[in-house]
Chemist: 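Supplied in structure tokens, the structure appears directly below.
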Amino acid sequence: MPPLKNKGLREREIARFRWAMLGPGLLVLFIINLIPILDTIYTSLFDYYLPMPQDKVFVGLSNYINLFKEPRFLQSCLRTLLFMLMVVSAETLLGFAIALALTSNAFGTKALRGVLILPIMLTPIATAFMWRIMYSPTLGILNYFLELLNIPPQKWIYGANQALPSVAVVVAWCKTPFMVMVFYTGLLSVSDDVLEAARIDGANGWNILWRIKLPLIKPVFFVAILFQTIDTAKEFDFTQILTRGGPGSATESLSIFTYLNSFGFLKMGYGSASAIILSAFIFMLAIFIIKAGGIDFDK
């Protein structure tokens, strides 16, 4: 057995080696992540109109105060929450149901696994344009099938009341396979011995699901919800391509609101403040889900 002094020296050398290996990567992460965040916070404290940088004026927290006084901003916050609830709920329910079906080894599940990967393989731009054509009130295939069923054609993304749910359907369709893979992996990790013991004790399929499988995969369940909640809260690509926040402001989420103020109206200070609020909103959501799910990343 080596002396404790030599053992401690070896551990310090290993620690220094780890930091030496991590150093370049951490430096790159610092440059591409932390510095832009600090610059955005700094810009949010100014009244900064991009075409007139010489008139840049320090206003402190005025941009943040004005945002919370603006009805359009408050509506975009509520719209983001509603959109997130629709998408994450659909992804979670569909993802878990499909994952359960895949673990049943029923006929056709192997082919289904391959089909489920397709939405992930497609780029967001290709997916959004494909659905935009399908949503066309006159040429879209969705209204064609509705006509066959003698159902009146719908406006989909072109209707103020239907636009937000229509975009939510596209995002859920594209991101549900991720949930399926996570839940499927979690269900496969449940020991067959535990399930067999439960069956011997007289537990039926419903009891096994609620009392054994779900408690055992709870950390995986909430980690998947955490990732998808963060991704949905900042979703921009699909909404921008499908509706550009319209019709009117029917699909204007916080990310679209931030984009319009920063790169549409060129109010960089105002847009930066909106971006910081969006980041804080996502951070609070993440903390809430971590606490509610009892997620421990150290384990």
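Along the sequence shown, residues carry numbers from 1.
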Chemist: Using only atom types and a distance under 3.5 Å, with no angle test, would you say the side chain of Thr232 pairs donor to acceptor with the backbone of Thr229?
Modeler: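 Between the backbone of Thr229 and the side chain of Thr232 there is no qualifying donor-acceptor contact (under 3.5 Å).
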Chemist: Keeping Gln154 on the side-chain end and Pro152 on the backbone end, is there a donor-acceptor pair under 3.5 Å?
Modeler: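 A pair under 3.5 Å: yes.
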Chemist: Please determine if Arg244 and Glu252 form a salt bridge, counting it only when a charged side-chain N lies under 4.0 Å from a carboxylate O.
Modeler: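 Between Glu252 and Arg244 there is no salt bridge, as every charged N stays at least 4.0 Å from the carboxylate O atoms.
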Chemist: Can you tell me if Asn143 uses its side chain to pair, donor with acceptor, with the backbone of Pro137 under 3.5 Å?
Modeler: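 A pair under 3.5 Å: yes.
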Chemist: Less than 4.5 Å apart, side chain to side chain, heavy atoms only: is that true for Lys56 and Tyr49?
Modeler: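 SC-SC contact between Lys56 and Tyr49 ruled out.
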Chemist: Does the Ser89 side chain pair with the main chain of Met86, one donor and one acceptor, at a distance under 3.5 Å?
Modeler: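 Judged by distance alone, no pair lies under 3.5 Å.
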Chemist: Check Gly95 against Thr176 and note the closest heavy-atom contact, atom names and distance.
Modeler: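 What the structure gives for the nearest pair is N-CG2, 3.9 Å.
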Chemist: Below 6.0 angstrom between ring centroids: does that apply to Tyr270 and Tyr48?
Modeler: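 That pair fails the under 6.0 Å test.
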Chemist: Can you establish whether the number of heavy atoms outside Arg16 located under 6.0 Å from its atom CZ is more than 12?
Modeler: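 Atom CZ in Arg16 is packed in, count exceeds 12.
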Chemist: How about CD on Glu147, more than 12 heavy atoms from neighbouring residues, nucleotides or ligands closer than 6.0 Å, or not?
Modeler: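 It does not: Glu147 CD has 12 such atoms or fewer within range.
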Chemist: Nearest 0.5 Å, what's the CZ-CG distance between Phe183 and Leu188?
Modeler: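 Those atoms lie 13.5 Å apart.
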Chemist: Is the closest side-chain heavy-atom distance between Asp231 and Phe178 below 4.5 Å?
Modeler: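 They are not in contact (no side-chain heavy atoms under 4.5 Å apart), so the answer is no.
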Chemist: Please check if Leu242 and Val171 belong to a single hydrophobic cluster, counting links between Ile, Leu, Val, Met, Phe, Trp and Tyr side chain heavy atoms closer than 4.5 Å.
Modeler: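 Leu242 clusters together with Val171.
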Chemist: Taking Asn33 for its side chain and Leu29 for its backbone only, find out whether a donor-acceptor pair lies under 3.5 Å.
Modeler: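 Judged by distance alone, yes, a pair lies under 3.5 Å.
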Chemist: May I ask whether Val169 and Val180 are part of the same hydrophobic cluster, defined by side-chain heavy atoms of I, L, V, M, F, W, Y residues being less than 4.5 angstrom apart, directly or through others?
Modeler: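 Unlinked, Val169 and Val180 end up in two clusters.
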Chemist: Any side-chain heavy atom of Ile133 sitting closer than 4.5 Å to one from Leu139?
Modeler: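 Ile133 does not reach Leu139 side chain to side chain.
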Chemist: Is Ile290 reachable from Met284 through a run of I, L, V, M, F, W or Y residues, each pair having side-chain heavy atoms under 4.5 Å apart?
Modeler: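 No, no single cluster joins them.
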Chemist: Looking at Glu235, is its backbone amide N or carbonyl O close enough to the side chain of Ser255 to form a donor-acceptor pair, meaning the two atoms are under 3.5 Å apart?
Modeler: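 Yes, because the side chain of Ser255 sits within donor-acceptor range (under 3.5 Å) of the backbone of Glu235.
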Chemist: Would you give the length of the straight line joining atom CG of Asn261 to atom CG of Leu67, rounded to the nearest 0.5 angstrom?
Modeler: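 Going from the CG atom of Asn261 to the CG atom of Leu67 covers 7.5 Å.
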Chemist: What's the separation between atom CG in Leu266 and atom CE in Met52, rounded to the nearest 0.5 Å?
Modeler: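 Answer rounded to 0.5 Å: 12.5 Å.
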Chemist: Under 4.5 Å between side-chain heavy atoms, hopping through other hydrophobics if needed: is there a path connecting Leu94 to Val167?
Modeler: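 As far as the 4.5 Å side-chain criterion goes, Val167 and Leu94 are not connected within one cluster.
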Chemist: Of the non-hydrogen atoms in Ala233 and Leu285, which two are nearest, and what is the gap between them?
Modeler: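 Ala233 and Leu285 have their closest heavy atoms at CB-CD1, 4.3 Å.
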Chemist: Nearest 0.5 Å, what's the CD1-CD1 distance between Ile276 and Ile37?
Modeler: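 It is 7.5 Å, given to the nearest 0.5 Å.
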Chemist: Do Ser272 and Ser44 meet the criterion of a side-chain donor-acceptor pair at a distance under 3.5 Å?
Modeler: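 Distance-only check fails for Ser272 and Ser44.
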Chemist: Just checking, is any N or O donor in the side chain of Thr251 or Thr243 under 3.5 Å from an acceptor N or O on the other one?
Modeler: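 There is such a pair between these side chains.
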Chemist: Taking side chain as C-beta onward, heavy atoms only, is Val220 less than 4.5 Å from Thr185?
Modeler: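 Answer no - side chains too far apart.
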Chemist: In Å, rounded to the nearest 0.5 Å, how long is the span from CG of Leu22 to CG of Leu27?
Modeler: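 Interatomic distance, Leu22 CG to Leu27 CG, rounded to 0.5 Å: 12.5 Å.
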Chemist: Indicate yes or no for a side-chain donor-acceptor contact from Ser262 to the backbone of Tyr259 under 3.5 Å, with no hydrogens or angles considered.
Modeler: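 Not confirmed, Ser262 side chain does not pair with Tyr259 backbone.
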Chemist: Tell me, do Lys155 and Asn161 make a side-chain contact under 4.5 Å, heavy atoms counted?
Modeler: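 Of all side-chain heavy-atom pairs linking Asn161 with Lys155, none is under 4.5 Å.
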Chemist: Report the C-alpha distance between Lys234 and Thr258 in whole Å, list the side-chain angles of each, state the deciding distance to 0.1 Å, and finish with yes or no for side chain to side chain contact (heavy atoms under 4.5 Å, CB included).
Modeler: CA-CA 10 Å; Lys234 62 184 180 65; Thr258 302; over 6 Å; no
Chemist: Would you please test Ile277 and Phe68 for side chain to side chain contact (heavy atoms under 4.5 Å, CB included) and show each step?
Modeler: CA-CA 10 Å; Ile277 292 174; Phe68 284 102; 3.6 Å; yes
Chemist: Should Val87 and Phe222 be counted in the same cluster of Ile, Leu, Val, Met, Phe, Trp and Tyr side chains packed under 4.5 Å apart?
Modeler: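 Val87 does not cluster with Phe222.
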Chemist: Please name the residue in the list Trp156, Tyr158, Tyr144 that meets the ring-ring contact (aromatic ring centres under 6.0 Å, His included) test with Tyr135.
Modeler: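 Of Trp156, Tyr158, Tyr144, ring-ring contact (aromatic ring centres under 6.0 Å, His included) with Tyr135 is met by Trp156 alone.
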Chemist: Decide side chain to side chain contact (heavy atoms under 4.5 Å, CB included) for Ser249 and Arg79; before the verdict, give the C-alpha distance in whole Å, the side-chain angles of both, and the deciding distance to 0.1 Å.
Modeler: CA-CA 10 Å; Ser249 59; Arg79 201 174 291 115; 4.0 Å; yes
Chemist: Could you tell me if the side chain of Met179 sits less than 4.5 Å from the side chain of Phe96, heavy atoms only?
Modeler: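 No, side chains not in contact.
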Chemist: What I'd like to find out is whether the side chain of Leu100 reaches to under 4.5 Å of the side chain of Leu209, using heavy atoms alone.
Modeler: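 They are in side-chain contact.
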Chemist: Quick check on Ile41: does its CD1 atom have over 12 non-hydrogen neighbours (other residues, nucleotides or ligands) under 6.0 Å away?
Modeler: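 Yes, CD1 of Ile41 has more than 12 neighbouring heavy atoms, counting only those of other groups under 6.0 Å.
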Chemist: So, the side chain of Gln228 versus the backbone of Val88: is there a donor-acceptor pair under 3.5 Å, distance only?
Modeler: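 Here the side-chain-to-backbone pair does not exist.
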Chemist: Side chain to side chain contact (heavy atoms under 4.5 Å, CB included) between Leu74 and Leu78: does it pass, once the steps are laid out?
Modeler: CA-CA 6 Å; Leu74 297 177; Leu78 293 175; 5.8 Å; no
Chemist: Is there a donor-acceptor pair under 3.5 Å between the side chain of Asp39 and the backbone N or O of Ile35?
Modeler: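 Absent.
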Chemist: Atom CE of Met130 and atom SG of Cys174: how far apart are they, to the nearest 0.5 Å?
Modeler: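 It is 8.5 Å, given to the nearest 0.5 Å.
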Chemist: Within the supplied structure, the quantity of interest is the number of heavy atoms (other residues, nucleotides, ligands) at a distance under 6.0 Å from Phe288 CZ; does it exceed 12?
Modeler: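 No.
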Chemist: Between Trp131 and Trp173, how do the two ring planes meet: parallel, tilted or perpendicular, split at 30° and 60°?
Modeler: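 Ring orientation of Trp131 relative to Trp173: perpendicular.
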Chemist: Would you mind reporting whether Thr127 and Pro119 have side-chain heavy atoms less than 4.5 Å apart?
Modeler: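 SC-SC contact between Pro119 and Thr127 ruled out.
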Chemist: With distance as the sole test, does Asp47 use its side chain to make a donor-acceptor pair with the main-chain N or O of Phe58 at under 3.5 Å?
Modeler: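 Not a single qualifying donor-acceptor pair exists.
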Chemist: Give a yes or no on whether Ile125 atom CD1 has more than 12 heavy-atom contacts from other residues, nucleotides or ligands under 6.0 Å away.
Modeler: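 For Ile125, atom CD1 is not crowded (no more than 12 foreign heavy atoms under 6.0 Å).
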